[in-house]
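Presented below is the structure to which this report refers.
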Amino acid sequence: MTPLLSVQGITKTYGAHIGCADVSFDLYPGEVMGIVGESGSGKSTLLNCMAGHLVPDAGQVVFDTRSDGPRDTVTMSEPERRMLARTDWAFVHQHARDGLRMNISAGGNVGERLMAVGARHYGQIREVAADWLDRVEIHEDRMDDRPTAFSGGMQQRLQIARNLVTGPRLVFMDEPTGGLDVSVQARLLDLLRGLVRKMGLSAIIVTHDLAVVRLLADRLMVMKDGHVIETGLTDQVLDDPQHAYTQLLVSSVLQV
Amino acid sequence: MSEYNFAYLDEQTKRMIRRAILKGLAVPGYQVPFASREMPMPYGWGTGGVQVTAATLVPSDTLKVIDQGADDTTNAVSIRKFFERTAGVETTEKTAHASIIQTRHRIPEESLTEDQVLVFQVPIPEPLRFLEPSEVETRKMHSLEEYGLMHVKLYEDISRHGHIATSYAYPVKVEGRYVMDPSPIPKFDNPKLGDMAAIQLFGAGREQRIYALPPYTQVVSLDFEDHPFEASKADHACALCGAEHSYLDEVIVDDSGKRMFVCSDTDFCESRRAAGHVGEQAA
């Protein structure tokens, strides 16, 4: 089976400071990978390198494209990469404001990706948008409201709808539940889990919240100081951590 | 007159502007950056259009300047005077007699010929500006032909108003490639942009951009399949000349709400009246 995404030797430095160093892994279709680690461990750098927001200093990000099979997205031309970013890829930002157009209605936000790939029928765009808002539990009569009028949890769900509307195969998530209160977090996670399973999505989730990866991720990668220090099945890593840092991380979780 | 170089600008500046114009004509709809000069008038009064006109004028030209269709408003009168004084060219109010027409926010009703040049004053040349604030990003979107965002604006219009409510500066696609802001002309004028015999030049002074449409260029107004583009106008006939297919201004005539609709193109209206057409309120 061809991996959907094959990352090989990704290195990114900021001057003398290491962002992430020599990270390699394969992600198979339908698989959800979690990346955990403390702040500054290089999780977000790695994610941005994979999603094409940052250019890595070395390494390859090979994505299995629909048309031409596996292609290195680091060296592919910018129009191709941007096309991927709005069709087969999705990126969910930590702050919904970064991923949404705040002065455009919820329906317009969801429709943007459709129009970007050539949809030119208002009625159909609206229908699809309404369907997606429903799937992320936003009532249809909020469709013409701007995200500024939405709560934090709703904004985050809207961002997810906006990203998934073109049926991507790979979703990058950067702390999707950060900044939300726990009950809203729980609902969002429930929703995400449902969507990921139903659509057979592959996802890479960066977070520092171990509960999130426990719930969503099949596999786990633990990062510290830009290096991957431990990988494995989620339950295996969390229940039987081998590396001293992972043991610290797991034992630092507050028990209620 | 002798204190100024012909048409105010120095020859090197005109040369630079002409190069931008030629590039604009070669790549229809593409915004060419140029080193806009300070002009002796405030931004917003047509500094871009004036520079393009100055670079295009030759002593044998006849110049017409219109502002919202009218020859006799402040902006039109002062720019006409400016070129009378600095270039000494002949000026006219007759559309047919002019070889260069500088315009603010209208295209004359009378169809133009291959011997004419139409110069538009443009306040904001970037059609994507209010959707995407970053210039770096909009340039990239133009170069990669990523124009989905333009339709998001039209989508918002329909979702809020039930129809495409953008009534001026209505975005167009030029020759299937660049999306262009046609300057704030009413969308009634949009169909005239395409396939026009005259050269159309667009100058934005503050924003330092020039773009152009060569004669007989394909220009399509953006729309949705189920909400097609419509060139709208007030549903009246001109009160002075009775014209039914010209763009109308609504004029409030007293403080009890009475109003009249008159042609915004004053030359068109006058020549119709001279030919004997009479509207319902003609004195």
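As a basis for the values below, the full set of heavy atoms in this structure was taken, side chains included, without hydrogen atoms, waters or symmetry mates. Order of the sequence lines sets the chain letters (A, B, ...), proteins ahead of strands, with each chain counted from 1.
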Return the option, out of [options], with the maximum number of heavy-atom pairs under 4.5 Å with chain B.
options: A:Gly111, A:Gly123, A:Gly107, A:Ala116; answer: A:Gly107
options: A:Met115, A:Glu112, A:Arg126, A:Arg120; answer: A:Arg120
options: A:Gln124, A:Arg113, A:Arg101; answer: A:Arg101

By a 4.5 Å heavy-atom criterion (distance strictly below it), what part of [X] contacts chain B: side chain, backbone, both, or neither?
X: A:Leu114; value: neither
X: A:Met143; value: side chain
X: A:Arg86; value: side chain

Give, as side chain, backbone, both or neither, the part of [X] having an atom under 4.5 angstrom from any heavy atom of chain A.
X: B:Leu154; result: neither
X: B:His227; result: side chain
X: B:Leu149; result: side chain

Any ion pair linking [Y] and [X] (charged N to carboxylate O, less than 4.0 Å)?
X: B:Lys233; Y: B:Glu109; answer: no
X: B:Glu135; Y: B:Arg129; answer: yes
X: B:Asp265; Y: B:Arg106; answer: no

Any idea which of B:Leu131, B:Ile158, B:Leu222 has the most non-hydrogen atom pairs under 4.5 angstrom with chain A?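 Of the options given, most contacts go to B:Ile158.
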
Shorter than 4.5 Å, heavy atoms on both sides: which option in B:Glu145, B:Met150, B:Lys153, B:Glu146 has the most such pairs with chain A?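 Of the candidates given, the most pairs with chain A belong to B:Glu146.
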
Quick one, B:Tyr30 with B:His142, criterion ring-ring contact (aromatic ring centres under 6.0 Å, His included). Give me CA distance, side-chain angles, the key distance, then yes/no. CA-CA 8 Å; B:Tyr30 171 70; B:His142 279 294; 8.1 Å; no

Ring-plane angle category for A:Phe63 and A:Trp89, please: parallel below 30°, perpendicular beyond 60°, tilted otherwise.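 Plane angle over 60°, so perpendicular.
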
On the 0 to 90° scale, with breaks at 30° and 60°, tag the B:Phe202-B:Tyr211 ring pair as parallel, tilted or perpendicular.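 Parallel.
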
For the rings on B:Phe120 and B:His105, is their centre-to-centre separation under 6.0 Å?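 That pair fails the under 6.0 Å test.
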
Between B:Phe229 and B:Tyr170 (judged by ring centroids, cut-off 6.0 Å), do the two rings come close enough to count as a pair?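 Centroid distance B:Phe229-B:Tyr170: below 6.0 Å, so yes.
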
